[in-house]
Amino acid sequence: MAKQKITRVAQLKSATDFTEHLSAIGTDLPFKEHLSAPGKSSLGQSFQLKSGQIIGNRFCILPMEGWDGTTDGLPTENTKRRWHNFAISGAKLLWGCEAVAVCPDGRANPNQLMINEQNLQAFKDLYADLVSDHEKKFGATSDLLIGLQLTHSGRFAIPDRDRIRKPKTLYRHSLLDKKFNLPEDHKLMTDAEIDQLVDDFVKAASLAKEAGFQFVDVKHCHGYLGHEFLSAKTREGKYGGSLKNRMRFLTSVVEGIRATSNIPVAVRLSAFDFIPYKKNESNIGIPEEVNHAYTEAFGGDTKGTGIDISEVFEMLGYFEDLGIELVCITAGSPYYVPHIQRPAIFPPSDGYLPPEDPLVGVARQIQITDKVKKKFPKLVIVGSAYSYLQEWLPNVAEAVIDENGADFIGLGRMVLSYPEMPDDILKGNQLVRGSICRTFSDCTTAPRIGMISGCFPLDSYYKKMPEAAELKAYKKEARL
Ligand SMILES: Cc1cc2nc3c(=O)[nH]c(=O)nc-3n(C[C@H](O)[C@H](O)[C@H](O)COP(=O)(O)O)c2cc1C
């Protein structure tokens, strides 16, 4: 694939280089040239939830799945190693750890974790290991908060070993049905099936509580089912149409949880979305064309490449009544707009060359997160998409917290290549350059071709695996 000219972050050697580059590409980010001394940084300040629970610092590990469970939905050694790395990162908030399916047909891949009675002990062990691994390194665990992300993959479900997509959809989508080859007679989920799914989420939340987790994330992002509800304007019946109906899935799950386990509910939300992108003749991403107003992007404008946050604000306005305090802001979907969801210089195998400097994508998420935080000061807001900042991540992160643009800085891909980054930043240690994620996207390409995920280019554990050579050969062949 031919690469277009985008300045690599590693080439921006000084703070001035970085900020001048931001101006040159016409974007803006909070930035603190001189980081505070260890112990003085806002990133090290603790945070108190309404319940009185303290979270020891402002780093959060975002959910990162590895496509590496057993086909029964149990963790393997690879899964346990990834979770161990979350625990020893130094972050005091672990948002969900990874997407865990609440029922078999909701799995995004045949190796996704799944929570049910049979698997409960494994989740108890995972939780216990997180706490003891964290304790061994940092001592205190009373200021550590750990949630479990609950999901149904909806349109992107690949539940069985045959690896055939078995989509569960809520409405006829003007572009995605075709893009992902849905047959004309594909049946939408019925209201009764959704009612059953609500029960599955409620049950899964009870099991998560029994396993020890302190909250559950009812996932509403990245094109998966929870997110699809939010754009189901054309769906008839109680789960579609008005925003109240589109939120009925969430409100029903919350009510069910309140009446049973009463574990706190958090929401990871794609706060904006774009029209699906495709490759042009130079492999660069361009928006699909439509000759109608595009109304299927929740938090998007009707042109498909802009943001209209009004409905998102309306939705978040209900959260206090629903008792939802923790919200993690993310965007889009890795399946049809990866550049807005996980800004990267190298695309995954099913992606396209970046249509913009990836720093624009980082700034977009940071700016929207800031707007949400300012509008809803009582919500506890976690931001995403910081990994592409690379060397400059600490400078942006500290500025965001100083300016109250978020309460927590979420780290995704960076934790795969450089798990100790939060600890190093908090201690004022020099960053380990060789561990900094350069967004090669191998962690996405590998699962797209049926392999486990991991940081194949930088993590010696994955570098040594036969899968690393296989992936290299695949990329060579595909000219990626
Ligand atoms: C390999 C991989 C696995 C991911 N798994 C999940 C997941 O299980 N749940 C989720 O909500 N997001 C998941 N994400 C998205 C990340 O949490 C995060 O939003 C994204 O990578 C952008 O943040 P970053 O710039 O720090 O990587 C995943 C991303 C990658 C690359």
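Counting starts at 1 for both ligands and their atoms, following the listed order. Just the heavy atoms: all of them, side chains too, but no hydrogens, waters or symmetry mates, feed the values below.
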Does the side chain of S42 pick up a donor-acceptor pair with the side chain of D402 at under 3.5 Å?
-> yes

Proximity to ligand 1 by part of W95, non-hydrogen separation under 4.0 Å | neither

If you measure from each non-hydrogen atom of T151 to ligand 1, which part falls under 4.0 Å: side chain, backbone, both or neither?
-> neither

Can an N or O of Y388 be found at a distance shorter than 3.5 Å from an N or O of ligand 1?
-> no

At a 4.0 Å cut-off, with the gap strictly under it, does some heavy atom of H222 reach an atom of ligand 1?
-> yes

Tell me: protein heavy atom nearest atom 31 (C) of ligand 1, and distance?
-> R342 NH1, 3.4 Å

is_close_aromatic(F319, F376), centroid dist under 6.0 Å | no

Check whether the ring centres of H220 and F229 lie less than 6.0 Å apart, and answer yes or no.
-> no

From P334, G454, A99, G96 - option closest to atom 8 (O) of ligand 1 by heavy atom | A99

Before signing off on this row, confirm whether G410 and ligand 1 have an N or O atom pair separated by under 3.5 Å.
-> no

Numbering the atoms of ligand 1 from 1, which are under 4.0 Å from a heavy atom of Y386?
-> 25 (O), 26 (O)

Determine whether the side chains of N78 and D68 contain a donor N or O and an acceptor N or O closer than 3.5 Å.
-> no

The ring pair (Phe, Tyr, Trp, His ring centres under 6.0 Å) partner of F249 among F201, Y239, Y224 is F201

In terms of the angle between their ring planes, are F138 and H134 parallel, tilted or perpendicular, with boundaries placed at 30° and 60°?
-> tilted

Just need the protein heavy atom nearest to atom 7 (C) of ligand 1, so name the residue and atom and give the distance.
-> P63 O, 3.4 Å

Any side-chain donor paired with an acceptor under 3.5 Å for D273 and Y336?
-> yes

Do Q112 and E65 have a side chain donor and acceptor closer than 3.5 Å?
-> yes

Is a side-chain donor-acceptor pair under 3.5 Å present for T251 with Y318?
-> no

Do me a favour and list the nearest non-hydrogen protein atom to atom 2 (C) of ligand 1 with residue, atom name and distance?
-> M64 CE, 3.5 Å

N/O of T444 under 3.5 Å from N/O of ligand 1, yes or no?
-> no

By number and element, which atoms of ligand 1 are closer than 4.0 Å to a non-hydrogen atom of C443?
-> 1 (C), 31 (C)

Of all the non-hydrogen atoms in the protein, which one sits nearest to atom 5 (N) of ligand 1, and at what distance?
-> E65 N, 3.0 Å

Those residues that, when tested against R248, pass salt bridge (Lys or Arg N to Asp or Glu O under 4.0 Å) (two or more places apart) | none

Hey, does S387 come in under 3.5 Å of ligand 1, counting only N/O atoms on both sides?
-> yes

Please state which protein non-hydrogen atom is closest to atom 23 (O) of ligand 1 and give its distance, to 0.1 Å?
-> A385 N, 3.4 Å

Would W95 and D217 satisfy side-chain contact (heavy atoms from CB on, under 4.5 Å), going step by step from the backbone distance to the final call?
-> CA-CA 8 Å; W95 185 285; D217 164 22; 2.9 Å; yes

Consider every N or O of G412 and every N or O of ligand 1, then say whether any pair is closer than 3.5 Å.
-> yes

For Q341, take its heavy atoms, then give the atoms of ligand 1 lying under 4.0 Å from any of them.
-> 15 (C), 19 (O), 22 (C)

N/O separation below 3.5 Å, R413 to ligand 1 = yes

Do any nitrogen or oxygen atoms of L416 lie less than 3.5 angstrom from nitrogen or oxygen atoms of ligand 1?
-> no

Please list all pairs passing the side chain to side chain donor-acceptor pair (under 3.5 Å) test where one or both residues lie in residues 449-460, with sequence neighbours left out.
-> R81-D459

Evaluate whether atom NZ of K472 has more than 12 neighbouring non-hydrogen atoms of other residues, nucleotides or ligands under 6.0 angstrom away.
-> no

Are R107 and S153 close enough that a side-chain donor and a side-chain acceptor fall under 3.5 Å?
-> no

For atom 10 (C) of ligand 1, the closest protein heavy atom turns out to be R268 NH1, 3.2 Å

Using distance alone, determine whether Q149 and ligand 1 share an N or O pair under 3.5 Å.
-> yes

For S453, the ligand 1 atoms with a heavy-atom partner under 4.0 Å come out as 1 (C)

Which atoms from ligand 1 have a heavy atom of L62 less than 4.0 Å away?
-> 17 (O), 18 (C), 23 (O)

